[in-house]
Novice: 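Please read through the structure below; I'll follow up with questions.
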Number of protein chains: 2
Amino acid sequence: MNLVSEEINIKCGNCDIRHRAVCSQCDTSELNTLNTIKYYKTIKAGQTIAAVEEPISFVASIVTGIAALNQTMEDGRTQMVGMLLPSDFVGRPGRNSVAYDIVATTDVYMCCFYKKPFEELLARTPHLVNRLLEMTLDDLDAAREWMLVLGRKTAREKIASLFAIFAHRSAVLRRKGAQDTIEFDLHLSREQMSDYLGLTIETVSRQISALKKDGIILLPNKRHVIVPNLSVLLTEAGDDADGGVLV
Amino acid sequence: MNLVSEEINIKCGNCDIRHRAVCSQCDTSELNTLNTIKYYKTIKAGQTIAAVEEPISFVASIVTGIAALNQTMEDGRTQMVGMLLPSDFVGRPGRNSVAYDIVATTDVYMCCFYKKPFEELLARTPHLVNRLLEMTLDDLDAAREWMLVLGRKTAREKIASLFAIFAHRSAVLRRKGAQDTIEFDLHLSREQMSDYLGLTIETVSRQISALKKDGIILLPNKRHVIVPNLSVLLTEAGDDADGGVLV
DNA sequence: ATGATTTTTTGATACAGATCAAGAACTGGT
DNA sequence: ACCAGTTCTTGATCTGTATCAAAAAATCAT
């Protein structure tokens, strides 16, 4: 008995994302409870994780991969309204459906919790609600930051802003500063980028080519970007050289 | 002693917005605590309530009036990223500054709570955190809904979407349905609308004129709008005729 | 490898919304 | 009621991005 819970605990304790995930503050007993209501699930790139109107029976934490929150109009125009990265939370406690379609952009591996018992745990675990509030406030900041991009930036600035997000994430992982060379893989297709940026794929393609021609980025292949100087990229994004970076 | 707390309680209990405000679930003792740490404040239209980078010593609930969350680029381009209406919450518990400038659009009367003791109350009152999470999730939905407007809608659809929000709010207040005539006062200037919609004031003006010419709205004066048929307006907004209305 | 399919790039053109400019209509103070 | 200042509307023109079209590059199945 003791041994079983120990094992389970070790498994969850080893999870790469736990320090940033919803369970980051949980103690051993809470982790044990989570272990009894969790399961892992892999979704192939392109598959829908959850759709508007459909009830959803779980909440989850992304372990690896990227998913997109998409909003679509009747005539097919679509806008990506959020990007879910490892450690991001999926689902809205207390609500029975998602507000937007959630689609796997790459293969996604996630840690799911059955919704009902998760909410019961939530009801008796205030610090978990606190953690969710924290994460939701961060999501809100990111969404609002992105509203400036969508409403007021030019196509070139939009592309630079998107690349700045990826560069920033990569820089945090590698502990680099604004003056260092940063590189990252582009996990989004041109179409996905256009949906995120409110542009067409042709404009995305043209602006990427332009940034390349101007030496702001190098593009060894279509899906890998090298940023020789991050602060130059940030200037192109219309941000001042160190602030305002999202995600 | 008893009498004093009774009086205070009655005052707060009578507050028009309490059923939707952060304190909506609070019991008498919690309301009493809130009473000891609250004060009221009026801000004139155009004044800044809180600015980025400046530390803020309170959180608050809007009682009457409208405030805007504004994000501004160095060159002056600005995007409104949120609108605060009566009962909306101001400030982010656990964080020391606001992420965006908060500016009074009309005269604003708000109920402020000193930040420190409010956060202490929060720490021992889980249902208040729950309520904040609820409100933050609503804000996030509204922000993401607006991302579709900014990223994918035409100028005409943007104006219609904005008017749909006002119409919806007015309809809820008056309990009207989609087929009824709805009217509302426009509390935003053309410039504020353009900042919210990611347009110029000229385009805002032209599109309002066009909606008027096409009979979608009547405009007895510059600041009052009559919508003869809400579902027609919703169609113009690119929404299907009853879903997707914000705020 | 080879051809079929999909994704990306590039070019030519069209158009929605921005910009520039001038009136017209409001607003507030005296 | 009137004038100065502001906000709003309308017109003319310009421009950035969309659209339409086709070639080039990458990916996939056999």
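Proteins come first, then strands; the chains are lettered A, B, ... in the order of their sequence lines, and each starts at number 1.
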Novice: Who passes side chain to side chain contact (heavy atoms under 4.5 Å, CB included) against A/Arg18, sequence neighbours left out?
Specialist: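 Applying side chain to side chain contact (heavy atoms under 4.5 Å, CB included) to A/Arg18 gives A/Cys12, A/Cys15, A/Cys23, A/Leu31.
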Novice: So, taking the atom named CZ in A/Arg190 and the one named OG in A/Ser205, what distance separates them when rounded to the nearest 0.5 Å?
Specialist: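 Taking CZ in A/Arg190 and OG in A/Ser205, the distance rounds to 6.0 Å.
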Novice: Is there, by distance only and without an angle test, a donor paired with an acceptor across the side chain of B/Glu202 and the base of D/dC8 below 3.5 Å?
Specialist: no
Novice: So where does chain B start and stop touching DNA chain C, 5' to 3', when the test is distance under 4.0 Å to a non-hydrogen atom?
Specialist: C/dG17 to C/dC20
Novice: I need the CZ-P distance between B/Arg190 and D/dT10, as an integer number of Å.
Specialist: 10 Å
Novice: Taking the six-membered ring for Trp and the full ring for Phe, Tyr or His, determine whether the centres of B/Tyr39 and B/Tyr114 are under 6.0 Å apart.
Specialist: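 Ring-ring flag for B/Tyr39/B/Tyr114: true, centres closer than 6.0 Å.
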Novice: Report yes if the distance between the aromatic ring centroids of A/Tyr109 and A/Tyr40 is under 6.0 Å, otherwise no.
Specialist: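 Yes, the ring centres sit under 6.0 Å apart.
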Novice: Contact class for A/Thr200 (heavy atom, under 4.0 Å): base, sugar-phosphate, or nothing?
Specialist: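 Base, at least one base heavy atom under 4.0 Å.
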Novice: For A/Asp138, enumerate each residue passing the side chain to side chain contact (heavy atoms under 4.5 Å, CB included) test, keeping only those at least two apart in sequence or located in another chain.
Specialist: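 Checked A/Asp138 against side chain to side chain contact (heavy atoms under 4.5 Å, CB included); matches are B/Arg95.
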Novice: Quick one, which residues of residues 220-227 of chain B touch DNA chain D with a heavy atom under 4.0 Å?
Specialist: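 Those residues are B/Lys222, B/Arg223.
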Novice: Quantified as the angle between the terminal helix axes (five pairs each), what is the overall bend of the helix from C/dA1-D/dT30 to C/dT30-D/dA1 to 10 degrees?
Specialist: 60°
Novice: For B/Met193 and D/dT9, give me the distance from atom CE to atom C1', rounded to whole Å.
Specialist: 13 Å
Novice: Output every pair passing side chain to side chain donor-acceptor pair (under 3.5 Å) with a member in residues 60-72 of chain B, not counting sequence neighbours, ordered by first then second residue.
Specialist: A/Glu145-B/Gln71
Novice: Once ring-ring contact (aromatic ring centres under 6.0 Å, His included) is applied, do any residues pair with A/Phe184, and if so which ones, sequence neighbours excluded?
Specialist: A/Phe163, A/Phe166
Novice: Using whole Å, report how far NZ of A/Lys158 lies from P of D/dT17.
Specialist: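 The answer, rounded to whole Å, is 8 Å.
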Novice: Using a strict heavy-atom distance below 4.0 Å, which residues from residues 204-219 of chain A are in contact with DNA chain C?
Specialist: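 Here the set is A/Ser205, A/Arg206, A/Ser209.
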Novice: Roughly how far, to the nearest 0.5 Å, is CD1 of B/Ile159 from CD1 of B/Ile216?
Specialist: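 Nearest 0.5 Å value for the CD1-CD1 distance: 13.0 Å.
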Novice: With sequence neighbours excluded, what pairs up with B/Lys153 under the side chain to side chain donor-acceptor pair (under 3.5 Å) test?
Specialist: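 B/Ser161, B/Asp239.
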Novice: With sequence neighbours left out, what residues match A/Glu202 under side chain to side chain contact (heavy atoms under 4.5 Å, CB included)?
Specialist: A/Thr200, A/Arg206
Novice: Without decimals, in angstroms, what is the distance between B/Leu186 CG and D/dC8 C1'?
Specialist: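 Result: 12 Å.
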Novice: Any salt bridge (charged side-chain N to carboxylate O under 4.0 Å, His left out) involving residues 214-238 of chain B? Give me the pairs, sequence neighbours left out, ordered by first then second residue.
Specialist: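 Qualifying pairs: B/Arg156-B/Asp214, B/Arg156-B/Glu236.
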Novice: Which residues satisfy the side chain to side chain contact (heavy atoms under 4.5 Å, CB included) test with A/Lys44, sequence neighbours excluded?
Specialist: A/Gln47, A/Asp107
Novice: Output yes when A/Arg20 and A/Asp88 qualify as a salt bridge under the 4.0 Å nitrogen-oxygen rule, no when they do not.
Specialist: no
